[in-house]
Amino acid sequence: MDNILTVEHVSKTFTNHQALDDVSLQVPRGKVYGLLGPNGAGKTTLIRIINHITAPDSGRVIFEGHQLTAADVAHIGYLPEERGLYKKMKVGEQAIFFARLKGLSRREATERLHQWFDRLEISSWWDKKVEELSKGMAQKVQFIVTVLHQPSLLIFDEPFSGFDPINANLLKDEILRLRDQGATVIFSTHNMASVEELCDHITLINKSHNILSGSVDQLRHQFGDNTFELSYLGATDALAAALQPLTSSLVVQNSEGQTQSVRFAIASGVATRDVLAAANAAVDIRSFVPQLPSMNDIFIRTVNASNQQTSTPPAL
Amino acid sequence: MNSALKIIVAREYLERVKRKSFIISTILMPLFMVAMMALPTVLMVMSGPEECRIGVIDDSGKIAQTLQGGDEISFTTITDQSFDQAKESSEFDAFLVIGPDVVANPNASITFYTQGAPSIQTEQFVSSQIENTIETIRINNSGVENLRDIMKSVKVDVEMKTFRLDKEEETETSSMLSYGMGFMATFILYMFIMLYGNMVMNSIIEEKNNRVLELVVTSVNPTWLMMGKIIGVGLVAVTQMLVWAVIIMIGSGWVLPMLTSMAAGADGSMMAAMSQLTDLTFMGQYLLYLILFLIGGYFFYASIYAAIGSAVDNLQDASQLQTVAILPIILAFVISMTVVNDPNSSLAMWTSFIPFTSPMVMMARMPFGIDGWQMAVSLVLLYAGFVGMVWVAAKVYRVGIFMYGKKPTFSDLIRWIRYK
């Protein structure tokens, strides 16, 4: 696969605290990549290393096939979690300032900014000072500043915090639009619903380790435990009896009306079609749907498992 | 120059110069100083002689008839009543009582009684008239012809010219002037470093508080950012100083003549000293060195301030670490004030080599004459110190700007320097 960014065995230690321990990951080009993890897991440190703000103690970062250099940051757009703009500066001037730092000429920056301001319908803010804007308004400005220089790699740290649902949606559409135009997006968040909606791949970092990596679809199937939901018309007792030898943890769902449903996990070594055949003989099947765990479930399960592992004292 | 650095400098400069508070303080500060200079004059004019009717009781019979009233002051000789009686009436604001023996022993025989405290002007007006009268009487009594002219001709006013022997060309100097120049230059350095070093620190703390820093350092190397701030604020300083200089010059052009006309017989030696300021070669040289030390000293201390600013979250936390910068500045100022008494002592020499103190101490010593090699060594060490300090500050800065919440100690800063 074509990876725009590869992180190889990166470790970083601050005084008395290991922020990252041998973390590796590959970010495929043109995808939205989720960087997940509990607070303090080391995500921000990793992002800073990718942004060439801090250097790793060991390991390396490969960007576009070569080791990351200071010049590469011109191709990266970064929206930090802690948003900040110069409060006393006017919006337009400030955006031009940041664009020029990224290497755009003043003319070019002004042109592109006007396009963006028109698109997001904020042209009237051009001459306002940032301190006059609401938090959400300032976020929009900051988003534009992040993407203005058309970076090939975009890094958003908690991009939706502070946005109302309408603006969050707008932002989501913009992120997907940028991806469709060819940009790669790294996206760090606690909001698992947005991960399911946006991310193609994820990496889960906990306690400075990479504990889970993969594509969202694969992971959800992998964590699915072969759980299905079956809805049907007919006698629940007969169905339960028929499925008993083939499944485990069968639960009857609350149902309204005639259609009823049960949820169960198919026992290991049992083929799905045998389960369906047994059920078909007992009741009138209406639907049979695999139950994929939410990213939220996967997150909590994986993090808890990894915490237990590390907190269990070694056996004697 | 690095283009990112240019952009940072431009922003830092323009944002500051355009601020209302900057414009106001730039204009008000010199007006304030000019006002301070003008204040004594204004006060003198304001508190001019107020209306005062003086009753004169002259037991000598020699003075009263010579007293001449002015616009506000009038003299009335009282003959028909005693002092005690006159006191009861409200006819007079003050009384001048002159004893019979006034010509021989004026100090013991003249008393001035007033309602409330008399103004200095009134008192002087009265006493100078009496002095003149007594002087005239004494001259006439002496029997010497043309005594007044003789007295004028013997009066001397000594103005010494001091020459320095150690210079090839004997330059006329005055140690008072040297002292004054040294003090001015030291004070300018002190103000400049304190004021604008603090500005650099505040600017960094503000950026850190705004969290805008993280965004900026993704585009610019933190060291360039720090340098940009120091240079930007330095340019602000130069602008402000220039505006102040111009306003003060214009202001004092208006105030000084007023002052000199009031204090008519201005001190002759002062005038002579002022004339030496026109020694252009020396002044030019001095100014050049002042600028060199100003730049070096500013960069040296501004990088210390930058490191401190990057390490803390707010001004309160900064105050403790700030002693690292303030202590040597004050020390340098104090040493400068003492070295002028002995500009070639070993304390003076060593402190003018150490970058922490050298700018101020050197400027205080220079008007007294300094060997060229000392000047050169001091400047080289200062600029080397500045490069070293920028390097150290950049290391601290790079780590410090991402440290929030915890108030760092001095040993934390040392450890940060060693981070990769």
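Computed over heavy atoms, backbone and side chain alike; hydrogens, waters and symmetry mates excluded. Below, chain A is the first sequence line, B the second, and so on; all start at residue 1.
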### Task
Measure the spacing between CZ of Phe97(A) and CD of Glu15(B) and express it to the nearest 0.5 Å.
9.0 Å

### Query
So which of Leu85(A), Thr146(A), Thr54(A) has the biggest tally of heavy-atom pairs under 4.5 Å with chain B?
Leu85(A)

### Summary
Here the pair of heavy atoms bringing Leu215(B) nearest to Gln142(A) is CD2-NE2, 3.3 Å

### Message
Leu101(A) vs Ile7(B), test: side chain to side chain contact (heavy atoms under 4.5 Å, CB included). Steps then yes/no.
### Response
CA-CA 7 Å; Leu101(A) 280 184; Ile7(B) 298 165; 4.0 Å; yes

### Message
Is Val220(B) close to chain A through its backbone or its side chain, or both, or neither, when contacts mean heavy atoms under 4.5 Å?
### Response
side chain

### Summary
Scanning both residues in full, the closest heavy-atom pair of Gly84(A) with Val212(B) reads O-CG2, 3.4 Å

### Query
Around atom NZ of Lys88(A), are there more than 12 heavy atoms of other residues, nucleotides or ligands at under 6.0 Å?
no

### Message
Does this structure show an ion pair linking Glu93(A) with Lys18(B), if we count only N-O contacts that are shorter than 4.0 Å?
### Response
yes

### Query
Does Glu206(B) come within less than 4.0 Å of Lys87(A), counting only side-chain N to carboxylate O?
no

### Min side-chain heavy-atom separation Arg48(A)-Glu214(B) under 4.5 Å
yes

### Summary
CD1 (Ile53(A)) and CG (Leu213(B)) are apart, to the nearest 0.5 Å, by 9.0 Å

### Message
For the interface with chain B, which of His149(A), Gln94(A), Arg100(A) has the highest count of heavy-atom pairs at distances below 4.5 Å?
### Response
Arg100(A)

### Message
Are there over 12 heavy-atom neighbours, none belonging to Phe163(A), within less than 6.0 Å of that residue's CZ?
### Response
yes

### Message
If I compare all heavy atoms of Asn210(B) with all of Tyr86(A), which pair ends up nearest, and what's the gap?
### Response
ND2-CA, 4.1 Å

### Message
Are there over 12 heavy-atom neighbours, none belonging to Gln181(A), within less than 6.0 Å of that residue's CD?
### Response
yes

#### Entry: Flag if over 12 foreign heavy atoms under 6.0 Å of CD, Gln320(B)
no

### Message
A quick test of your reading: do over 12 heavy atoms of other residues, nucleotides or ligands sit less than 6.0 Å from CZ of Arg177(A)?
### Response
yes

